[in-house]
Amino acid sequence: MKKNYHIILSSNSPRRKELLEGLDLNFEVRVLQGVSESYPSDLPVMDIAGYIAAEKAEAYKGELEENNLVITADTVVVLGDKVLGKPKDLGEAREMLRMLSGHTHQVVTGVCLTTSVKQRSFSVVTDVTFKSLSEDEIDYYVEHYKPLDKAGAYGIQEWIGYIGVTSINGSYFNVMGLPVQRIYDELCDF
C-alpha cells in the first residue's frame, strides 16, 4: 500500500478481525455504539449490505483524523427475494436453516473504506449451495454452535459448512464475513 494509513476495523466480529489479521496489516478495532443497521424497506435485496456498510461509515466521518482509514462491513444472506440477517432466537435459526436446506443462496458483503477525504464502497457476492439438511442435522448445529451471531444462522467454517455445503462459487472468506482478497486489492489501489 502506497500510503501509511492507520487502519481501523469497525466490527465486533472475531471472524472479521481474524480475516483482516490474515493480510498482515496493522490495525485497531474500534466500534461506535448506536449505529443503526436498518435500511429502507424498498431497497433491492442485493443493495442492503452495501447500504448498511455505508451507514456505518457515515458515523465515523467526524471522528477520523487525517491518516485514519476505517473499514466498515455488513453481510447478509439472500435467498430469492428474502434477506436473512442474524436470527432473533434458536427457533428462527432453525427456520432459516430449513429455508437454506437444498437450495443455493447468495452471501453479500458490503464494504466501505473511508478516510477524512474519500470513500470507496463495493459489494462481493458468493453463491453457496446446501444439501438437504435433516432435522437432526439442523438441531445438532443449533444446539452445539452459536447461530445467533451469524447472518443466515450459519458459519461456513463450522460443522454445518463441513457437512452441508455442497458447492461455493466465489470468495469463501466473503461467506465468513469479509472479502479479504478484494479488500487487499482495494487498499492497494486506494
Side-chain angles (χ1 to χ4, degrees), residues 1-79 81-86 104-128 149-152 155-157 168-190:
M1 294 184 340
K2 296 176 184 131
K3 296 189 179 177
N4 190 18
Y5 288 112
H6 174 80
I7 297 174
I8 300 164
L9 174 63
S10 175
S11 177
N12 284 321
S13 166
R15 291 170 299 284
R16 285 192 179 129
K17 181 177 183 281
E18 176 186 345
L19 289 169
L20 196 58
E21 285 171 345
L23 294 181
D24 290 340
L25 297 173
N26 292 320
F27 66 94
E28 73 167 296
V29 173
R30 187 188 316 165
V31 180
L32 296 179
Q33 300 303 315
V35 178
S36 173
E37 292 191 17
S38 61
Y39 52 89
S41 60
D42 61 344
L43 194 64
V45 294
M46 299 304 275
D47 295 343
I48 291 171
Y51 178 89
I52 295 172
E55 288 294 301
K56 290 177 180 178
E58 190 64 32
Y60 282 87
K61 287 265 174 120
E63 306 280 324
L64 296 177
E65 296 177 19
E66 188 176 330
N67 71 330
N68 289 168
L69 184 151
V70 66
I71 300 171
T72 57
D74 192 72
T75 301
V76 296
V77 169
V78 177
L79 181 63
D81 61 355
K82 188 166 179 66
V83 174
L84 306 180
K86 296 175 184 174
T104 298
H105 63 274
Q106 289 70 47
V107 177
V108 184
T109 301
V111 178
C112 277
L113 307 177
T114 306
T115 69
S116 60
V117 294
K118 71 180 186 178
Q119 183 175 67
R120 181 170 295 170
S121 299
F122 58 90
S123 292
V124 174
V125 180
T126 303
D127 293 327
V128 179
D149 70 340
K150 297 169 182 77
I156 194 168
Q157 72 280 8
I168 181 170
N169 184 13
S171 168
Y172 173 82
F173 298 114
N174 184 54
V175 182
M176 286 180 64
L178 202 63
V180 286
Q181 184 277 325
R182 176 75 183 270
I183 288 173
Y184 175 80
D185 284 350
E186 294 286 348
L187 287 172
C188 287
D189 194 40
F190 198 70

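What you see is a predicted model; the values in this text were computed from it and never measured.
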Mind checking whether [X] and [Y] have side chains closer than 4.5 Å, heavy atoms only?
X: Thr126; Y: Ile168; value: yes
X: Ile183; Y: Leu178; value: yes
X: Leu64; Y: Val70; value: yes
X: Leu25; Y: Leu187; value: yes

When rounded to the nearest 0.5 angstrom, what distance separates [atom1] in [X] from [atom2] in [Y]?
X: Asn26; Y: Leu23; atom1: CG; atom2: CG; value: 12.0 Å
X: Ile71; Y: Arg16; atom1: CD1; atom2: CZ; value: 11.0 Å
X: Asp189; Y: Tyr184; atom1: CG; atom2: OH; value: 11.5 Å
X: Glu28; Y: Ile7; atom1: CD; atom2: CD1; value: 11.0 Å
X: Glu37; Y: Lys86; atom1: CD; atom2: NZ; value: 6.0 Å
X: Gln157; Y: Phe173; atom1: CD; atom2: CZ; value: 10.5 Å

Side-chain donor-acceptor distances from residues 45-60 under 3.5 Å, at least two apart:
from: Lys56; atom 1: NZ; to: Ala73; atom 2: O; distance (Å): 2.8
from: Lys56; atom 1: NZ; to: Asp74; atom 2: OD1; distance (Å): 3.4
from: Tyr60; atom 1: OH; to: Ser10; atom 2: OG; distance (Å): 2.8
from: Tyr60; atom 1: OH; to: Arg30; atom 2: O; distance (Å): 2.6
from: Tyr60; atom 1: OH; to: Leu32; atom 2: N; distance (Å): 3.2

key: Under 3.5 Å donor-acceptor, Asn68 side chain and Glu65 backbone   = yes

Check for a donor-acceptor pair, side chain of Asn174 on one end and backbone N or O of Val124 on the other, with a separation under 3.5 Å.
-> yes

Original post:
Does Arg120 make a cation-pi contact with Phe190 (under 6.0 Å, within 45 degrees of the axis)?
Top reply: no

*Going through the distances and angles, do Leu69 and Ile8 end up as a side chain to side chain contact (heavy atoms under 4.5 Å, CB included)?*
CA-CA 6 Å; Leu69 184 151; Ile8 300 164; over 6 Å; no

Grab the two heavy atoms, one from [X] and one from [Y], that are nearest each other, plus how far apart they are.
X: Gly110; Y: Ser123; value: CA-OG, 3.7 Å
X: Val180; Y: Leu20; value: CG1-N, 4.2 Å
X: Lys17; Y: Phe27; value: O-CZ, 3.7 Å

- More than 12 non-hydrogen atoms from neighbouring residues, nucleotides or ligands closer than 6.0 Å to CD on Glu66, yes or no?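 Count not over threshold, so no.
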
Side-chain H-bond candidate by donor/acceptor type, [X] with [Y], under 3.5 Å:
X: Gln119; Y: Thr114; result: yes
X: Asp127; Y: Thr104; result: no
X: Arg182; Y: Thr109; result: no

Working for side chain to side chain contact (heavy atoms under 4.5 Å, CB included), residues Leu84 and Val76: CA-CA 6 Å; Leu84 306 180; Val76 296; over 6 Å; no

